[in-house]
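Here is the naming used below: chain letters follow the sequence lines, and residue numbers restart at 1 for every chain.
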Amino acid sequence: MFIRICFLAIIISCIQAQIELTLPALPYAYDALEPVLSEHLMQLHHDKHLQTYTTGANKLLKRMYDDENSSNELKGLTNQSIEFILSHIQYLPEIYQVGLKQYGGGYLNHKLFFSTLQKPTATADENKPTGPLLKAIEKAFDSFDKFKQIFTDVSLEVFGSGWVWLYIDAYTKELNYSFASNQENPIMFNKNHITLLGIDLWEHAYYPVYENRRSEYVDNFWRIINWPFVSQLYTEGVAKQTDDIDKETDGIVKHTGGCPMHAGI
Amino acid sequence: MLAAIVLAVIAIGCVHSQTELTLPPLPYDYKAYEPVLSEKIMRLHHDKHFFTYMNKTNAALKAMFVDTKMDGKLKEIAKLPIEDILTQLQVLPDQYHLALRHNGGGYLNHRFFFSILKAPTATVAENKPTGDLLAAIEKSFGTFEKFHELFSAASVNLFGSGWVWLYVDARTNQLVLNFTANQDHPIMFDKNNYVVMGIDLWEHSYYPLYENRRAEYVDNFWRIVDWNVVGKIFTERPIKRSDL
């Protein structure tokens, strides 16, 4: 009897449709980041760009789910969180990898980005992290000022569209930075990287206010980082990395609802 | 005596300087492309973006000219026209390779782009190529409309920053459509690729007027393509033995 219920539960979860991403609301009013990021810029960035990524990612996930060539595991994967999907992007067929890196990545990156911003401080200098996050920054970069300099320099060097990221490295468990082109995110390179903070360097992220003056945008970016929230992400990330054992072999099956292919039922 | 001095100065000039790029003015007034491209866009695009690519390229070439590595080969390369330098990026040391690919490419691409634009026609339909160029487009794509559709689709779908190009392919000698990322130019992939038309799809090219609406920019782009200039560029392409 119990086995029958399990079996039914597994069958039902197999038929479950793909995830449907929704446009996350901004955690503040459109004009909250003035004058660093204007209301108009935030409206465009959130209502147009993020919306486009949301719609595009959903289209791809649906196509992946509806595709008769998709295995049950793949269909199951489409029902997971976008973070999970993107951190397991290498399991996807090539035809879906590119699109999901672009639109799924765009969705995730902007969702994170908007959540890490807050009303600007009067000056960049007064806006700093504290506590364990500050300690981690000092450990990895010597001082907050050195970190800020490196992050700024790299942000100015990024050519074309991309991001600069601060993340907890999967192996060293220390903070590291990287630049990514287009909508790439550290988790696409290692599922155990924990992305904490990023700066959007696509021209749409600053053009309405700063035009070509990217350095002015980057300088002012330091005024709008929500360090308490980033600290929270850091603490949660450290805990997650500590708890996570590599479940490579059976992880996918567990996460995809255990469709019978490999569960041995 | 004066002639000798002049000759000496020219000789010294030839030997003692790398290529120094200059900023060609727009062929028309900044306002001339309204309403397809606003004066504001043209001023930013030409006076800021194009200007910055030029400055950064010149800085790289200046450094390369006095770099004694590679037995003076760097010095020789630095004296070449920018189009030639961009076909030899693979031999350059890291410190110049990317700088020239990015900024030299940016310079060449924008110099080209501004040269093929003109005041808008009232409608898209009335702005078309003629003669040999039209024949070549039809040969490669079937009809001009099909080419228009493919070029527009590629332009709308390009992800991130880049360009879509119409160029004579080095190997097949036919007109082809392709895209490049960032500021890459088809000659970087084969020195005999011959560009006849292109569209800048970096957000800076359209954002002040079209914001996120790239499709609208692409649709209107067809009103400002100067097919007379493009036709001439096509006609002036190097003739291959296979053409005869």
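- When side chains are defined from C-beta on, Trp227(B) counts as touching Trp222(B), because their heavy atoms get closer than 4.5 Å.
- Asn109(A) and Tyr53(A) form no side-chain donor-acceptor contact under 3.5 Å, judged by distance and modelled atom types alone.
- Looking at His49(A), only its side chain comes within 4.5 Å of chain B, counting heavy atoms on both sides.
- Looking at Arg101(B) and Asp184(B), a side-chain N of the basic residue comes within less than 4.0 Å of a carboxylate O on the acidic one, giving a salt bridge.
- With a 4.5 angstrom heavy-atom cutoff, Phe159(B) touches chain A via backbone and side-chain atoms both.
- Ring to ring, His204(A) and His40(A) are not that close: their centroids are 6.0 angstrom or more apart.
- At a cut-off of 3.5 Å, with distance as the only test, a side-chain donor of Tyr96(B) or Asp67(B) sits close to an acceptor on the other residue.
- Looking only at atom types and distance, the side chain of Gln183(B) has no donor-acceptor partner in the side chain of His102(B) under 3.5 Å away.
- Heavy atoms closer than 4.5 Å to chain A are found in the side chain of His49(B), but not in its backbone.
- Contacts of residues 148-168 of chain A with chain B at a heavy-atom distance below 4.5 Å involve Phe159(A), Gly160(A), Ser161(A), listed in sequence order.
- Only the side chain of Glu211(A) comes within less than 4.5 Å of a heavy atom in chain B; its backbone stays farther off.
- Judged by the 6.0 Å distance and 45° axis criteria, Arg237(B) is not positioned over the aromatic ring of Tyr194(B).
- With respect to the salt-bridge test (charged N to carboxylate O, under 4.0 angstrom), the residues Glu149(B) and Lys146(B) qualify.
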